[in-house]
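Along the sequence shown, residues carry numbers from 1. Predicted model, so just to flag it, every value in this text is computed and none were measured.
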Amino acid sequence: MTKPLTPFKPSSLLDWEKAAAKSAPGGDVNALNWQTPDGITVKPLYTADDTKDLPYTHTLPGFEPFIRGPQATMYAVRPWTIRQYAGFSTAEESNAFYRKALAAGGQGVSVAFDLATHRGYDSDHPRVTGDVGKAGVAIDSVEDMKILFNQIPLDKVSVSMTMNGAVLPVLAGYVVAAEEQGVAQADLSGTIQNDILKEFMVRNTYIYPPAPSIRIIGDIIEYTAKHMPKFNSISISGYHMQEAGANQALELAFTLADGKEYVKTAIGKGLDVDGFAGRLSFFWAIGMNFYLEIAKMRAARLLWCRIMKGFDAKSPKSLMLRTHCQTSGWSLTEQDPYNNIVRTTIEGMAAVFGGTQSLHTNSFDEAIALPTEFSSRIARNTQLIIQEETHIGAVVDPWAGSYMMEKLTQDMADAAWTIIEEVEAMGGMTKAVDSGWAKLKIEAAAAEKQARIDSGKDVIVGVNKYKLKTEDAIETRDIDNVAVREGQIKRLQEIRSKRDQAAVNAALAAIKTAAEDNSGNLLDLSIQAVRARATVGEISDALEAVYGRHRADTQKVTGVYAAAYDSAEGWEQLKKEITEFAEKQGRRPRVMISKLGQDGHDRGAKVVATAFADLGFDVDMGPLFQTPEECARQAIENDVHAVGVSTLAAGHKTLVPGIIAELKKQGADDIIVFVGGVIPRPDYEMLYEAGVKGIYGPGTPIVASAKDVLEQIRKAIAS
């Protein structure tokens with residue numbers, strides 16, 4: 001006969017502290033605490049005492065404040081939607097990928113557009129010669145959009161489009177393509193990102209200044225509320241903030257503050273909050289901070305419910321935050337890239353544990369190039385395995401009741417709310433963005449993070465610890481930018497030759513008048529223009545004629561990188577060498593950090609500029625979106641020793657040789673050029689042959705690249 005278990009006397013927290021002190025560093029249990037970049041203390045042990053005073057530990061999923069999920073049954077009844085965010089140069093190639101992905105288990109289409117499209121340029125514009133078809137699909141007109149969705153039933157398949165700057169012609173093109181497929185606007189489902197405030201902070205694919213950009217958002221919310229009831233009119237994105245360097249608390253706070261601003265805008269259009277708020281959605285990055293990412297998503301639902309109650313929303317759909325998530329692209333490493341499969345799996349699980357409604361998992365090779373079919377299949381199957389094999393979805397919010405998770409959820413909510421209140425004190429997120437304050441907060445966090453990695457305080461396996469002696473080559477996707485652009489130009493010429501030009505002119509004039517008079521609805525007018533076969537660039541130009549094109553300030557933070565790095569090996573020695581250079585040459589080494597083409601992702605450029613300045617270089621920041629000719633002219637005028645080109649969007653094969661040729665043409669081939677960012681290894685030889693003096697891929701410690709740049713400058717002077 002089995003004996004009953006002997007009752008035991010519970011140990012006290014004091015007993016644990018005494019036991020833990022025996023192995024804790026210096027006998028101090030507090031030394032085991034981890035201070036997150038968000039300012040949150042994560043302890044090694046949580047008990048019931050940590051949650052006894054928390055107000056939300058006994059809530060249920062599907063009910064206010066929705067901490068445990070927006071739906072009562074969550075994945076136990078309906079799993080999250082598996083999405084594959086992709087766009088491959090041409091509409092034809094992208095369409096083939098989407099159809100294969102849907103056949104292989106994908107449940108929705110997520111479209112990545114090229115940078116020319118994002119910035120409202122047609123493919124034949126001279127400023128985008130190196131950008132067409134790179135990092136996404138080129139869309140110039142509704143004819144491209146029809147090819148993009150060929151044989152994809154738009155009344156059945158939801159479509160997510162990451163588009164902000166050229167949101168009007170792109171969304172209009174989708175609507176008209178669906179109409180010509182026989183699908184009514186009321187039957188369309190999906191999401192348009194339409195989140196311009198974060199573009200001014202981090203991603204920089206804006207076109208117009210903040211005020212008219214906010215007007216465009218209001219018009220889209222208004223139109224879709226009336227005509228597209230199944231379609232999400234805005235996806236308020238924190239993803240790009242974290243990718244640009246924001247910690248979880250900053251990402252959460254700024255994203256919700258953006259959401260507040262958009263709700264105010266829609267209410268200002270005369271819309272009832274419960275008439276549109278249920279169609280707002282969110283988009284989070286999921287990085288390698290596993291516990292905090294789960295806590296962030298639970299805290300987000302709590303805070304959004306609180307915010308919407310402040311707008312007197314009554315409907316549960318208005319109060320619940322629904323979200324898409326994407327695993328981090330920034331956490332992917334060029335070195336030892338198969339490690340990225342593990343990283344993406346862990347991040348995908350955090351998104352699921354946090355209660356996402358849809359998920360995109362990145363491919364392991366995206367730190368090197370656009371994903372291949374092989375890597376995309378692994379990324380998609382990662383979700384299928386979590387969804388079909390693990391039974392994780394059988395339990396609604398399995399972390400509920402965890403002493404740790406409940407406390408971290410509240411800590412994350414409190415940290416974010418403090419930042420939100422700071423934003424409100426400034427007059428709201430538009431003013432916080434306009435002032436540059438929000439952008440600098442994110443850039444400071446990015447510089448601090450990079451310094452912790454470069455100094456070894458934060459471990460990245462295969463990069464700054466457990467490194468391979470030699471790296472095996474992997475297959476990468478290469479885009480023939482010249483061929484893609486030629487094909488797009490040919491299609492543009494055909495469209496323009498066949499359309500009714502008078503009808504196009506009238507439609508564009510109507511858009512311009514509505515922008516000037518603040519009348520009408522700009523999405524409605526854009527749809528009419530697209531039906532007449534107006535192009536993305538033409539509609540954007542009509543608005544730019546009234547609103548102008550926004551130009552960002554190029555501020556940079558100082559001192560942050562040095563403060564986080566200063567104890568690391570080599571820092572002081574390199575500072576000494578730079579001082580000696582200045583004494584010998586009569587001035588400090590001067591570099592210009594540049595972004596060429598339409599690639600606005602400037603995290604790497606800003607971090608490098610900050611670190612180089614902290615080391616003692618004189619650093620100039622070139623404005624975003626320069627042509628090689630403009631960059632060369634500024635470098636010469638500023639009398640720099642070197643130009644550093646930061647590249648993320650695969651335009652390096654065209655743009656980097658372009659800047660070298662322009663420097664030579666303008667009589668300044670003594671200025672050296674170095675390149676950093678996402679560059680496939682097979683392209684290195686071509687760049688070196690073009691005249692590049694240094695290439696620094698993802699994971700290169702900044703001190704190492706700075707030392708090499710200094711040496712190259714010395715060589716150039718000596719020769």
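A donor-acceptor contact under 3.5 angstrom links the side chains of W80 and Q383, judged on distance only. Side chain to side chain, T117 and D114 meet the donor-acceptor criterion of an N or O pair below 3.5 Å. Judged by distance alone, the side chains of Q357 and R322 never bring a donor and an acceptor atom under 3.5 Å apart. With 3.5 Å as the limit, one finds no donor-acceptor pair spanning the side chains of N194 and Y262. Side chains of Q598 and D131: a donor-acceptor N/O pair is absent below 3.5 angstrom, by distance only. Judged purely by distance below 3.5 Å, without hydrogens or angles, the side chains of D274 and S318 pair a donor atom with an acceptor atom. In this model, no donor atom of one side chain and acceptor atom of the other lie less than 3.5 Å apart for Q326 and E243.
Here the side chain of Y208 pairs a donor or acceptor atom with the backbone of S540 at under 3.5 angstrom. With N232 contributing its side chain and S281 its backbone, the two residues share no donor-acceptor pair below 3.5 Å. Under a 3.5 Å cut-off, the side chain of E251 and the backbone N or O of A246 do not form any donor-acceptor pair. A distance-only check finds a donor-acceptor pair linking the side chain of E347 to the backbone of S328 [under 3.5 Å].
Between L154 and Y174, the closest side-chain pair of non-hydrogen atoms falls below 4.5 Å. The shortest side-chain heavy-atom distance between I267 and F276 falls under the 4.5 Å cut-off.
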For residues 65-72, which side-chain donor-acceptor pairs fall under 3.5 Å, sequence neighbours excluded?
from: R68; atom 1: NE; to: D397; atom 2: OD2; distance (Å): 3.3
from: R68; atom 1: NH1; to: T59; atom 2: O; distance (Å): 3.3

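Separation of the F254 and W437 ring centroids falls under the 6.0 Å cut-off.
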